[in-house]
Asker: 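I have a structure I would like to understand better, so I am pasting it below and will then ask my questions one at a time.
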Amino acid sequence: MKKFISCEDAPDFQLLIAKALEYKSNPFKDVTLGKGKRMGLLFLNPSMRTRLSTEIAAKNLGMDVIVFNVGQDGWALEFEDEAIMSGTTVEHVKDAAPILGKYFDVLGIRTFPSLKNKEDDYSELYINQFVKYSGVPVVSLESATLHPLQSLTDLITIQEMFKEKRKPKIVLTWAPHVKALPQCVANSFSQWVSAWGGAEFVITHPEDYELDTKFTKGATITHNQDDALKNADFVYVKNWSTFADYGKIYCNDPEWMLTHEKLASTNNAKIMHCLPVRRNVELSDEVLDSTSSLVTQQASNRVWAAQAVLAEILNRFKLPVTGNGNPETGKL
Ligand code: CP
């Protein structure tokens, strides 16, 4: 694996999931794998779970880790090629990324979408520029359109919890929110569940909240939340802003909040959310505080997902010990 920015970069889901669960039962089994390797965690946006779980995962593998809040502490980066930098940006990613590639053996990057320009966001310009110019493996810590470490965690949690021989019914339901949020988690979860193929997958949302169809292939899509929830084994709750008329909040109907009452028609469904969650807006207290909620288990599994991905990167590539150069070619 030379990058991890989408489920397409994961060569074998089941292997990654099995590896993650091995790490969960024995976190330090590969504590020397990353010895002499350094990971840079670069944040252009806030994070709690991703930042801490990835740092713990890298340290469990013996890596050295440096966190850099680029958005807060670094120079304002320019990402457009051939930009005339007479505005607010101070340093081009073309200059910064190769330096980071000298300092680090693996880079983790968190960026968010602008939610203003769909074409720019969906081209994944920011993370792709780091992939292009850093010369080292790049792990997405959430990008403009996807959140692969979260989705891998979600599949790990589902497989950990579901032991029946049949396929589980998984429902992704839109929920209200006070802000326009990215589509990343919903896109990514849809992409991973569809590619996995091990579930009956239903997506439910109000009209006008259709996701990009390239991520929802194979899913049943309905605007009727009550119908969608019938016999569900897992209900994944998430808000997202509109995709077609990009980045807007159209309907914000509080009736879409998931409540205990709505779960009556499910198959004692387990409830998932990537967090952070707006209590009593997206999900009611009674649901979040019930034994049906998997949110803490889900967030704790972030460590094992990140550890499995980093181990795959460390195993597949002969990374230079000093952190210099391209891991594929070994060139400086
Ligand atoms: N779920 C998730 O990515 O959480 P953070 O934003 O806290 O990293």
Side-chain angles (χ1 to χ4, degrees), residues 4-7 10 16 20 24 39-60 65-73 106-115 121 124 126-127 138-158 160 170 172-175 177-193 215 234-241 258 270-279 281-283 287-288 293-310:
F4 185 74
I5 62 174
S6 154
C7 84
L16 271 182
K24 187 167 183 170
M39 180 161 197
L41 297 176
L42 311 183
F43 287 87
L44 283 89
N45 298 93
S47 164
M48 182 177 91
R49 281 145 288 269
T50 309
R51 173 185 165 155
L52 296 174
S53 61
T54 311
E55 183 167 353
I56 293 165
K59 287 182 172 171
N60 284 352
V65 182
I66 295 177
V67 178
F68 182 40
N69 294 313
V70 188
Q72 204 176 305
D73 302 328
V106 182
L107 283 174
I109 319 275
R110 167 167 283 200
T111 67
F112 268 3
S114 66
L115 291 182
D121 288 346
E124 289 286 9
Y126 286 18
I127 200 154
V138 171
V139 176
S140 168
L141 305 175
E142 188 168 359
S143 64
T145 67
L146 295 171
H147 197 353
L149 282 176
Q150 180 67 55
S151 308
L152 174 59
T153 304
D154 299 334
L155 284 191
I156 290 165
T157 309
I158 288 168
E160 193 177 36
I170 301 174
L172 169 63
T173 180
W174 181 93
H177 204 282
V178 294
K179 283 176 65 181
L181 294 190
Q183 295 99 35
C184 309
V185 171
N187 284 344
S188 198
F189 185 70
S190 303
Q191 185 189 40
W192 281 74
V193 173
F215 300 119
F234 295 89
V235 181
Y236 200 108
V237 183
K238 187 72 186 88
N239 170 269
W240 61 88
S241 58
L258 195 73
K270 295 293 183 193
I271 309 307
M272 303 178 74
H273 190 289
C274 62
L275 304 180
V277 63
R278 296 270 184 157
R279 279 178 175 257
V281 177
E282 294 176 84
L283 268 163
V287 174
L288 271 167
S293 171
L294 296 181
V295 298
T296 306
Q297 180 178 340
Q298 213 181 328
S300 69
N301 281 340
R302 293 291 306 270
V303 173
W304 321 118
Q307 197 165 332
V309 167
L310 292 178

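When a ligand or atom number is given, it counts from 1 through the structure's own listing order.
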Asker: Hey, which atoms in ligand 1 end up nearer than 4.0 Å to a heavy atom of R302?
Answerer: 1 (N), 2 (C), 3 (O)
Asker: I need the atoms of ligand 1 closer than 4.0 Å to a non-hydrogen atom of C274, numbered in the order shown.
Answerer: 1 (N)
Asker: Taking N or O atoms only and a 3.5 Å limit, does P276 qualify as a polar contact for ligand 1?
Answerer: no
Asker: Donor-acceptor pair, distance only, cut-off 3.5 Å: does the side chain of R110 make one with the backbone of L141?
Answerer: yes
Asker: Closest non-hydrogen protein atom to atom 4 (O) of ligand 1, residue and atom name please, with distance?
Answerer: R49 NE, 2.9 Å
Asker: R51 versus ligand 1: do any nitrogen or oxygen atoms come within less than 3.5 Å of each other?
Answerer: no
Asker: Which atoms of ligand 1 are found less than 4.0 Å from any heavy atom of M48?
Answerer: 5 (P), 7 (O), 8 (O)
Asker: Record the part of L275 in heavy-atom contact with ligand 1 below 4.0 Å; permitted values are side chain, backbone, both and neither.
Answerer: backbone
Asker: Given V70, which of T111, N45, L42 fulfils the side-chain contact (heavy atoms from CB on, under 4.5 Å) condition?
Answerer: L42
Asker: Within the 3.5 Å criterion, strictly below it, is a donor on D121 or T145 matched to an acceptor on the partner's side chain?
Answerer: no
Asker: Are T157 and K270 close enough that some pair of their side-chain heavy atoms sits under 4.5 Å apart?
Answerer: no
Asker: Check whether the side chains of Q183 and S241 place a donor and an acceptor atom closer than 3.5 Å, and report yes or no.
Answerer: yes
Asker: Please list, in number order, the atoms of ligand 1 under 4.0 Å from a heavy atom of H147.
Answerer: 2 (C), 3 (O)
Asker: CG/L283 to OG/S293 distance, rounded to the nearest 0.5 angstrom?
Answerer: 7.5 Å
Asker: What protein heavy atom lies closest to atom 6 (O) of ligand 1? Include the residue and the distance to one decimal.
Answerer: R110 NH1, 2.9 Å
Asker: As a check for students: among T50, V277, V185, identify the option with a heavy atom nearest to atom 8 (O) of ligand 1.
Answerer: T50
Asker: When rounded to the nearest 0.5 angstrom, what distance separates OG in S114 from OH in Y126?
Answerer: 7.0 Å
